[in-house]
Number of protein chains: 2
Amino acid sequence: MTLPPDPAPAERPERQRLQMADIARIAGVSVATVSRALNGSQEVSAATRQRISELARSLNYTINAGAKNLRLRHNKTVAVVIPFDQQARLHVSDPFFLSMLGSLADALTDQGYDMLVSRVDADQLENAARAWDTGAALGVILIGQWHSHAQINAMSDRGVPLVVWGAQVPLQRYCSVGGDNVAGGLMATRHLIERGCRRIVFIGDPTTPEAAQRLRGHQQALLDAGLPHDPALQLHSSFDTGQARVALSRLIESGTVFDAVFACSDVLAMAVMQTLRLHDREVPRDVAVVGYDDIEWASHADPPLTTVRQPVAHAGAEIVHALLDSVAGEIVPPRTLAVELVVRRSSLR
Amino acid sequence: MTLPPDPAPAERPERQRLQMADIARIAGVSVATVSRALNGSQEVSAATRQRISELARSLNYTINAGAKNLRLRHNKTVAVVIPFDQQARLHVSDPFFLSMLGSLADALTDQGYDMLVSRVDADQLENAARAWDTGAALGVILIGQWHSHAQINAMSDRGVPLVVWGAQVPLQRYCSVGGDNVAGGLMATRHLIERGCRRIVFIGDPTTPEAAQRLRGHQQALLDAGLPHDPALQLHSSFDTGQARVALSRLIESGTVFDAVFACSDVLAMAVMQTLRLHDREVPRDVAVVGYDDIEWASHADPPLTTVRQPVAHAGAEIVHALLDSVAGEIVPPRTLAVELVVRRSSLR
DNA sequence: CTGAAAGCGCTAACAA
DNA sequence: TTGTTAGCGCTTTCAG
């Protein structure tokens with residue numbers, strides 16, 4: 001009337017891993033005592049606690065997290081999902097996202113949480129909650145909101161604890177943490193104007209909230225300086241550098257005059273600089289260039305790239321914090337982090 | 001004599017997530033039936049199976065993975081650990097490692113596995129097995145072996161299912177999957193020699209197994225061509241570009257003559273090209289440069305970088321395969337993957 | 001201070 | 001075909 005599913009002693013799938021009962025037996029105590037000892041309970045005598053801890057350590061025994069979580073009805077892992085846009089071809093490979101991942105890993109590790117990473121097609125963002133639905137993670141961090149605003153709202157409404165790195169947008173019912181994109185765009189363009197640039201190309205994909213805000217800042221800076229906004233100078237390009245190259249080449253070939261480019265990411269800026277060189281435009285003499293993100297490569301570029309620095313290291317901690325709070329049931333307001341203009345040679349003319 | 005730890009109905013930590021019992025109640029069947037239905041058992045009538053599946057889907061219910069794993073005594077997540085060397089300052093941020101991560105994510109997802117990512121200090125690599133010890137993961141993938149050969153052997157001896165991306169070295173008791181570093185070094189240097197280079201600088205850290213093998217290939221190529229091996233041309237630099245810059249600058253300032261550089265990574269090669277430019281050496285006219293990895297940036301560099309391509313996409317699948325096999329108890333032999341020289345402008349003189 | 005026993009959410013004999 | 005029930009590895013009341 002039971003189910004000893006281990007009749008043949010040769011059939012066990014993944015034995016060898018010891019469990020609490022094993023070390024209890026070896027130590028000659030009950031599992032309850034081992035549990036208490038390993039969890040540092042004061043109820044157990046210091047001596048046995050010590051003895052059991054050492055035994056466990058020497059045997060490389062660690063409490064089975066799954067069972068513990070099940071019993072305690074909680075868990076210590078958070079899901080980080082990288083939306084992966086087929087079209088934009090922006091995979092995990094953008095250095096900015098990579099560094100974000102690193103930053104999150106650090107913040108999570110600091111707090112004793114594990115990080116479950118997955119990529120999900122940006123068109124099916126509802127899959128992002130899978131790790132939560134299955135109980136594998138206590139919450140979800142989304143890197144970038146892309147075009148999925150509505151789906152994210154839906155997940156949030158369903159009660160999925162959720163924080164997204166991205167822009168703060170109207171009607172958002174989830175917590176976002178992001179850089180101050182409007183200020184970033186403003187700073188970048190204002191700087192260019194101060195360096196004497198008058199016809200500044202903007203390149204990015206304003207259908208994403210972040211780029212849209214950067215564009216807004218850009219336009220504001222033009223307005224502030226009394227400069228006209230020429231639509232011909234606004235180049236649409238997703239984060240894919242191929243598009244950027246084509247768009248910029250076309251612009252140059254069309255004979256349109258411009259003396260600066262503000263790109264929505266450093267990767268884009270790199271493509272811009274290469275394209276300019278291809279067309280014998282020298283940076284910064286002929287065209288000043290400003291990027292966005294301040295990835296490590298930016299300072300080593302040739303010429304070193306002026307860019308808007310996103311507070312990546314800080315962001316990781318901030319995001320994790322927000323998620324943990326929202327798991328605890330708090331209503332966490334969106335947060336906008338200050339960004340900073342880092343001036344290097346690419347914009348000095 | 002029991003433990004209803006939910007006396008106050010307002011105290012429950014993270015309720016709201018439904019469980020099998022809930023949907024069983026709603027569907028008016030037993031949990032066993034739900035379980036069977038959701039697992040696609042043939043024992044349950046097609047009608048109820050359908051009904052229950054739809055109910056679950058509409059309620060966003062998903063089987064709790066932790067409980068299922070506990071009961072089934074297995075799990076579907078693998079740990080990917082990125083050794084993180086304080087000294088080499090090589091974090092997750094090297095694009096090569098990033099793309100490796102992406103490749104693993106894809107391969108794992110394809111097979112229905114989750115990916116738990118952690119960084120561990122390369123000096124305390126024994127922590128890499130934590131996810132396995134706690135039962136959180138069924139195996140561990142290590143990206144790079146660095147200097148921790150012995151510790152990896154130890155983990156493997158302990159029975160931790162383990163695959164490392166890296167070089168195949170003598171006395172290794174774990175499975176490694178890696179590019180053919182000797183061949184890579186050979187191809188790179190032979191190519192340089194064919195282009196007429198005679199004094200070729202090698203830059204890398206030969207205390208890591210991978211770089212050591214690339215150096216071996218490099219030396220072999222020199223030997224094959226009857227060229228002398230000048231120790232002065234062998235520059236030690238970890239993957240940190242700062243070291244590379246300093247070392248190369250010194251070499252130049254010392255007046256040592258050279259006409260090519262073979263760098264152990266593309267990131268290093270980038271630093272090399274910048275340093276050369278700083279010293280008014282033109283690439284490839286004055287100095288030909290070959291890198292290693294073929295990260296995305298390489299083809300967009302200025303000039304585009306000749307490099308040894310590592311089969312990243314393929315590697316992810318290969319590694320996952322090896323790990324799964326070794327979890328299944330097979331003895332998986334190390335595997336060396338073919339690499340390929342991609343000739344671009346940086347070496348054409 | 002320690003042990004016995006119940007049960008976290010699930011699966012699979014076994015019985016009906 | 002479906003329900004009943006035991007138990008995966010752990011924590012924690014309650015009794016000793």
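Keep in mind that what you see is a predicted model, and the values were worked out from it rather than measured. Quick note on labels: first sequence line is chain A, next is B, and so on, each numbered from 1.
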Legend entry - Taking every non-hydrogen atom, the tightest pair across A/Gly159 and A/Trp132: O-CZ2, 3.9 Å
Legend entry - Atom-to-atom span, CD of B/Gln50 to C1' of D/dT1 - whole angstrom: 17 Å
Inset, instruction - Note down the inter-axis angle between the two ends of the helix from C/dC1-D/dG16 to C/dA16-D/dT1, five pairs each, to the nearest 10°. - result: 40°
Inset, instruction - Report yes if a donor N or O on one partner sits less than 3.5 Å from an acceptor N or O on the other, where the partners are the side chain of B/Arg36 and the base of D/dG3; otherwise report no. - result: yes
Legend entry - B/Arg73 side-chain proximity, nearest of C/dC10, D/dC8, C/dT2: D/dC8
Inset, instruction - Round to the nearest Å and state the distance from B/Ile52 atom CD1 to C/dC10 atom P. - result: 14 Å
Inset, instruction - Output the residues of residues 55-68 of chain B in contact with DNA chain C, where contact means a heavy atom of the residue under 4.0 Å from an atom of the strand; sort by number or write none. - result: B/Tyr61, B/Ile63, B/Asn64, B/Ala67, B/Lys68
Legend entry - Between C1' of D/dC10 and CG of A/Leu38, the distance in whole Å: 11 Å
Inset, instruction - Could you tell me the separation between the CG atom of B/Asn75 and the P atom of D/dC10, rounded to a whole number of Å? - result: 14 Å
Inset, instruction - For B/Asn69, report the nucleic acid contact type (base, sugar-phosphate, nothing); a contact means any heavy atom under 4.0 Å. - result: nothing
Inset, instruction - Could you tell me the separation between the CG atom of B/Leu72 and the C1' atom of C/dA13, rounded to a whole number of Å? - result: 14 Å
Inset, instruction - Ignoring backbone atoms, establish whether A/Thr33 has a side-chain N or O less than 4.0 Å from OP1 or OP2 of C/dG3. - result: yes
Legend entry - Heavy-atom pair of closest approach, residues B/Ala129 and B/Arg158: CB-NH1, 4.0 Å
Inset, instruction - Go through C/dT2, C/dA13, C/dC8 for me and flag the one nearest to the A/Leu70 side chain. - result: C/dC8
Legend entry - C/dT2 phosphate, OP1 or OP2, under 4.0 Å from A/Thr48 side-chain N/O: yes
Legend entry - Candidate nucleotides D/dC10, D/dG3, C/dA4, ranked by approach to the side chain of A/Gln19 - the nearest: D/dC10
Legend entry - Gap between atoms CD and C1', on B/Glu43 and C/dA16 respectively (whole Å): 14 Å
Inset, instruction - Would you indicate whether the side-chain heavy atoms of A/Val117 and B/Val80 approach each other to under 4.5 Å? - result: no
Legend entry - Separation of atom CG in B/Leu18 from atom C1' in C/dG9, rounded to whole Å: 13 Å
Legend entry - Where B/Gly316 and B/Met100 come nearest, the two heavy atoms and their spacing: N-CE, 4.3 Å
Legend entry - Derivation of the side-chain hydrogen bond (donor to acceptor under 3.5 Å, both in side chains) call for B/Glu318 and B/His314: CA-CA 6 Å; B/Glu318 205 67 48; B/His314 184 207; 2.9 Å; yes
Inset, instruction - Output yes when A/Asp22 and A/Arg25 qualify as a salt bridge under the 4.0 Å nitrogen-oxygen rule, no when they do not. - result: yes
Inset, instruction - Could you tell me whether the phosphate oxygens of D/dC10, OP1 or OP2, come under 4.0 Å of any side-chain nitrogen or oxygen in A/Ser35? - result: no
Inset, instruction - Would you give the length of the straight line joining atom CG of A/Leu59 to atom CG of A/Leu18, rounded to the nearest 0.5 angstrom? - result: 5.5 Å
Inset, instruction - Provide, to the nearest angstrom, the distance between the CZ atom belonging to A/Arg17 and the P atom belonging to D/dC10. - result: 10 Å
Inset, instruction - With B/Val78 as reference, evaluate B/Leu116, B/Ile319, B/Leu108, B/Asp114 under the side-chain contact (heavy atoms from CB on, under 4.5 Å) test and give the passing residue. - result: B/Leu108
Inset, instruction - Determine the minimum heavy-atom distance between B/Ser148 and B/Leu125, stating which atoms define it. - result: CB-CD1, 3.2 Å
Legend entry - Geometric class of the A/Trp165/A/Phe96 ring pair [parallel <30°, tilted 30-60°, perpendicular >60°]: tilted
Legend entry - B/Arg71, nearest nucleotide to its side chain (from D/dG9, C/dA12, D/dG3): C/dA12
